[in-house]
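Shown next, in structure tokens, is the structure this report addresses.
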Amino acid sequence: MTTQLTSDVHAPTAAGARRARSGISWWFVVAVLAVAATYIRAIYFTPLEAIQGPAQKIYYVHPTSAWVAFMAFGIVALASIGYLWLKDLKLDRVAESAAEVGVVFTSVTLVTGSLWGKPIWGTWWTWDARLTLTLFLWFIYVGYLVLRGAIEDREMRARYSAVLGILGALLIPFIHLSVYLFRTLHPMPIIGKPSRPSLPNEMLETFALAFVSFTILFIALFRARYHLAIARDELDAEDRG
Amino acid sequence: MPHNAGYYHAAYIIVAVVYGAYALSVWLRLRGVAAHHHHPALGNGQSGIGNLPRPTTPPLGMGNRE
């Protein structure tokens with residue numbers, strides 16, 4: 001009896017349930033294959049760097065994760081601007097999803113950077129400008145997610161988090177330029193610079209494969225997280241209705 | 001050449017574990033929401049997060065408002 005009444009009240013939608021299940025897609029299959037190919041190529045078919053040794057292979061997962069994280073937070077900023085302008089909740093869901101995935105990629109960036117710093121710099125962490133700003137970026141978007149979890153009202157949550165999402169992304173150019181603006185331990189860009197990449201072709205190809213792989217992984221995770229955001233909003237709407 | 005392969009082995013394992021764990025967390029949350037869509041009050045009758053009661057206040061962290 002209770003189940004029947006509750007079901008009538010909530011009127012579960014088949015579309016909502018289907019959407020909630022459909023987040024796992026062939027994008028994940030492609031992403032897993034691409035990342036596996038990157039690992040195999042990086043481990044077995046890419047030469048060792050003469051001075052740094054095997055630890056240099058962290059290069060294929062560290063800056064690639066950082067670039068994808070920056071892309072994610074760029075999406076947060078653009079979607080947030082769009083939301084404040086158009087008041088379309090789809091854009092808020094895009095921002096929410098990109099922010100969460102971006103935090104995961106930033107976490108990987110910080111951890112892999114630390115693992116690279118220990119053998120090369122002799123320390124797990126230093127309060128270098130780029131490292132500190134990246135940590136600050138991570139805190140901002142963790143704060144963004146906490147803020148979203150703390151506000152019940154849907155419109156207010158979207159509006160406040162949009163402002164924070166835009167402000168947080170303003171850090172990204174400073175992080176990229178920090179190695180030029182400050183004296184830092186962190187090396188200058190090898191690829192993201194106006195002149196030609198200073199890498200041998202084998203390493204450059206592995207890096208390109210890693211970049212594509214992690215971008216596909218981002219798309220897969222983002223799509224799944226976006227489906228989750230839609231399904232949750234539908235569930236909340238049913239609860240209110 | 002320095003012998004520091006352990007650091008990159010650790011990095012590659014951590015990368016796989018973190019992304020895999022996050023993908024799993026999204027999948028579990030999707031399952032939970034799908035279960036609520038089917039049986040909003042009781043879950044889906046199977047084991048898993050679909051059977052957990054919905055909290056009245058949102059927990060903090062990672063945007064989890066369920």
Side-chain angles (χ1 to χ4, degrees), chain A residues 2-3 6-7 9-10 12-14 16-18 20-21 23-24 28 35 39 42-43 48 50-58 61-62 65 96 99-101 103-104 107-108 111-112 115-116 118-120 142 145-146 148-150 152 217 220-221 224-225 227-228 231-232 234-236 238-239, chain B:
Chain A
T2 307
T3 307
T6 313
S7 296
V9 168
H10 287 274
T13 60
R18 196 166 52 247
R21 284 194 304 270
I24 309 298
F28 269 106
V35 171
Y39 270 37
I43 294 168
L48 292 177
I51 298 170
Q52 295 192 20
Q56 184 272 338
K57 293 198 179 201
I58 295 174
V61 295
H62 173 68
S65 293
E96 171 192 6
E100 192 176 290
V101 180
V103 165
V104 175
S107 305
V108 165
V111 172
T112 54
L115 280 163
W116 199 359
K118 180 62 179 167
I120 305 305
V142 169
L145 297 174
V146 172
R148 294 193 67 93
E152 271 293 321
L217 181 64
L221 293 171
R225 185 59 185 80
H227 284 299
L228 177 62
R232 277 182 170 170
E234 286 182 354
L235 197 61
D236 286 347
E238 286 167 17
D239 283 351
Chain B
M1 186 176 290
H3 296 283
N4 51 22
Y7 291 99
Y8 103 81
H9 291 158
Y12 280 32
I13 290 167
I14 287 171
V15 168
V17 168
V18 170
Y19 291 140
Y22 179 68
L24 181 66
S25 89
V26 174
W27 181 71
L28 286 173
R29 286 182 283 169
L30 275 165
R31 259 189 75 200
V33 174
H36 282 298
H37 272 293
H38 285 302
H39 298 284
L42 300 176
N44 63 358
Q46 300 168 351
S47 61
I49 62 173
N51 285 331
L52 295 177
R54 302 192 72 200
T56 51
T57 53
L60 294 180
M62 302 303 286
N64 184 357
R65 300 181 297 100
E66 195 182 346

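Note on naming: letters A, B, ... go to the chains in the order of the sequence lines (proteins, then strands), and numbering restarts at 1 for each one.
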Between A/Ile51, A/Val111, A/Thr112, A/Leu221, the one whose heavy-atom pairs under 4.5 Å with chain B are most numerous: A/Leu221
N/O donor-acceptor pair under 3.5 Å between B/Tyr8 side chain and A/Gln56 backbone: no
A/Ala50 versus B/Pro2, closest heavy-atom pair with distance: O-CD, 4.5 Å
Atom pair NE2 (B/His9) and CD1 (A/Ile58), whose distance is rounded to the nearest 0.5 Å: 10.0 Å
Contact winner vs chain B - A/Ile120, A/Val35, A/Leu217, A/Ile43, heavy-atom pairs under 4.5 Å: A/Ile43
B/Tyr22 and A/Glu100 side chains, donor-acceptor separation under 3.5 Å: yes
Heavy-atom contact with chain A under 4.5 Å, split by part of B/Ala16: both
Close side-chain approach of B/Ile14 to A/Val108, heavy-atom, < 4.5 Å: no
Nearest heavy atoms of B/Leu30 and A/His227, plus distance in Å: CD2-C, 4.1 Å
Contact summary for A/Ala231 and B/Val33, nearest pair of heavy atoms: CB-CG1, 3.4 Å
Portion of A/Ser65 that has a non-hydrogen atom of chain B nearer than 4.5 angstrom: both
Interatomic spacing from NE2 in B/His36 to CD in A/Glu234 - rounded to 0.5 Å: 14.5 Å
B/Asn4 side chain to A/Pro119 backbone, donor-acceptor under 3.5 Å: no
Minimal non-hydrogen separation, B/Tyr12 against A/Tyr39, with atom names: O-OH, 2.6 Å
